[in-house]
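Input: a single structure, listed below in structure tokens.
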Amino acid sequence: MHDHGERERLMAGIAGELTPFGHRIMARVYYADTDFSGVVYHARYLEFFERGRSDFLRLAGVHHTELADGKHGEKLVWIVRRMEIDFRSPARIDDILTIDTRTEDISGARIRMGQQLKRGEEVLVEAKVEAAIIGENGRPRRFPREWIEAFMPREQA
């Protein structure tokens, strides 16, 4: 059965989009994201932020599967080294959230990113994330030069 281009249209929005500051993706809050009080369970925010970072990487040309397959000379893995989260206000079931991700700095093997989760213009949660790439032996690996340009904002805000 032919889908008349439907798959392409649906896939176009699934990973969000690259923006002048970094990346933006939207997500809906489902029942499974909430706790017994009807608000988003605190650990779920980590998952929303992970989606934002993963799709930012994917759209910038860095794919987890290619890293794991050794496309860059050895098997590489992303790790979160540090995360700081400021919970300002809760998200609730059926809310439409916007997750903004921006690269703040890249040095050696580390990348520092700032993330915001918003409902409309209201910032609900902010996170500062420090991540790194490591090789199979568990040691940090320097960021390839071409990644630095791909991850840094195209405009200074």
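Keep in mind that the numbers below use all heavy atoms, side chains included, and drop hydrogens, waters and symmetry copies.
One finds the CD atom of E121 at 8.0 Å from the OG1 atom of T98 (value rounded to the nearest 0.5 Å). The CD1 atom of I111 lies 14.5 Å from the CZ atom of R81; values are rounded to the nearest 0.5 Å. Annotation: the span from I93 atom CD1 to R28 atom CZ amounts to 10.0 Å, rounded to 0.5 Å. For the atom pair CZ (R51) and CG (L46), the distance works out to 11.5 Å, reported to the nearest 0.5 Å. We find the CE-CG distance between M113 and D105 to be 11.5 Å, quoted to the nearest 0.5 Å. Here the straight-line distance linking atom OG1 of T19 with atom CD of E17 works out to 7.0 Å at 0.5 Å rounding.
The nearest pair of heavy atoms linking I25 to G52 is CG2-CA, 4.0 Å. Closest approach of R139 to N137, counting heavy atoms only: N-OD1, 2.9 Å. Across all non-hydrogen atoms, the minimal contact from L97 to A91 is CD2-CB, 3.9 Å. The two residues A15 and D55 come nearest to each other via the heavy atoms O-CB, 3.3 Å. Of all non-hydrogen atoms in P90 and R119, the two that sit nearest each other are O-NH1, 3.1 Å. The two residues A109 and P140 make their nearest non-hydrogen contact at CB-CB, 3.7 Å.
For R92 and D94, the salt-bridge test fails: no basic side-chain N is under 4.0 Å from an acidic carboxylate O. Ion pairing between a basic and an acidic side chain is recognised when a charged N comes within 4.0 Å of a carboxylate O; K71 and E66 show such pairing. A salt bridge links K128 to E104: one of the charged nitrogens lies within less than 4.0 Å of a carboxylate oxygen.
Linking Ile, Leu, Val, Met, Phe, Trp and Tyr whenever their side-chain heavy atoms come within less than 4.5 Å leaves L57 and V129 in two separate clusters. In the hydrophobic clustering of this structure, M26 does not group with L124; members are Ile, Leu, Val, Met, Phe, Trp, Tyr whose side-chain heavy atoms approach within less than 4.5 Å, directly or through other members. Both V40 and M83 are members of a single hydrophobic cluster when ILVMFWY side chains are connected at heavy-atom separations under 4.5 Å. Residue F21 is not grouped with residue V123 when hydrophobic side chains (ILVMFWY) are merged at heavy-atom distances under 4.5 angstrom, including chains of intermediate members. No single ILVMFWY cluster, assembled from side-chain heavy atoms under 4.5 Å apart, contains both I99 and L18.
Here the options are Q115, K118, H23, the test is side-chain hydrogen bond (donor to acceptor under 3.5 Å, both in side chains), and the partner is D100; only K118 passes. With R44 as reference, D33 is the one residue of D33, D35, T34 to meet the side-chain hydrogen bond (donor to acceptor under 3.5 Å, both in side chains) rule. In summary, of the residues considered (R88, R102, E126), a side-chain hydrogen bond (donor to acceptor under 3.5 Å, both in side chains) with Q116 occurs for E126 alone.
A donor-acceptor contact shorter than 3.5 Å links the side chain of T103 to the backbone of F151.
Side-chain rings of W147 and F56 stay apart, their centers remaining 6.0 Å or farther from each other.
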Checklist entry - Step by step, would you call L117 with Y45 a side chain to side chain contact (heavy atoms under 4.5 Å, CB included)? => result CA-CA 8 Å; L117 186 140; Y45 292 107; 3.9 Å; yes
Checklist entry - Between V80 and R53, does a side chain to side chain contact (heavy atoms under 4.5 Å, CB included) hold up when you go through it step by step? => result CA-CA 11 Å; V80 171; R53 290 191 311 275; 3.8 Å; yes
Item to check | Candidate pair I85 and H42, rule side chain to side chain contact (heavy atoms under 4.5 Å, CB included), full reasoning | outcome: CA-CA 10 Å; I85 301 176; H42 73 279; over 6 Å; no
Checklist entry - Would F48 and V125 satisfy side chain to side chain contact (heavy atoms under 4.5 Å, CB included), going step by step from the backbone distance to the final call? => result CA-CA 11 Å; F48 287 121; V125 183; over 6 Å; no
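A donor atom on one side chain and an acceptor atom on the other are found under 3.5 Å apart for S107 and R112.
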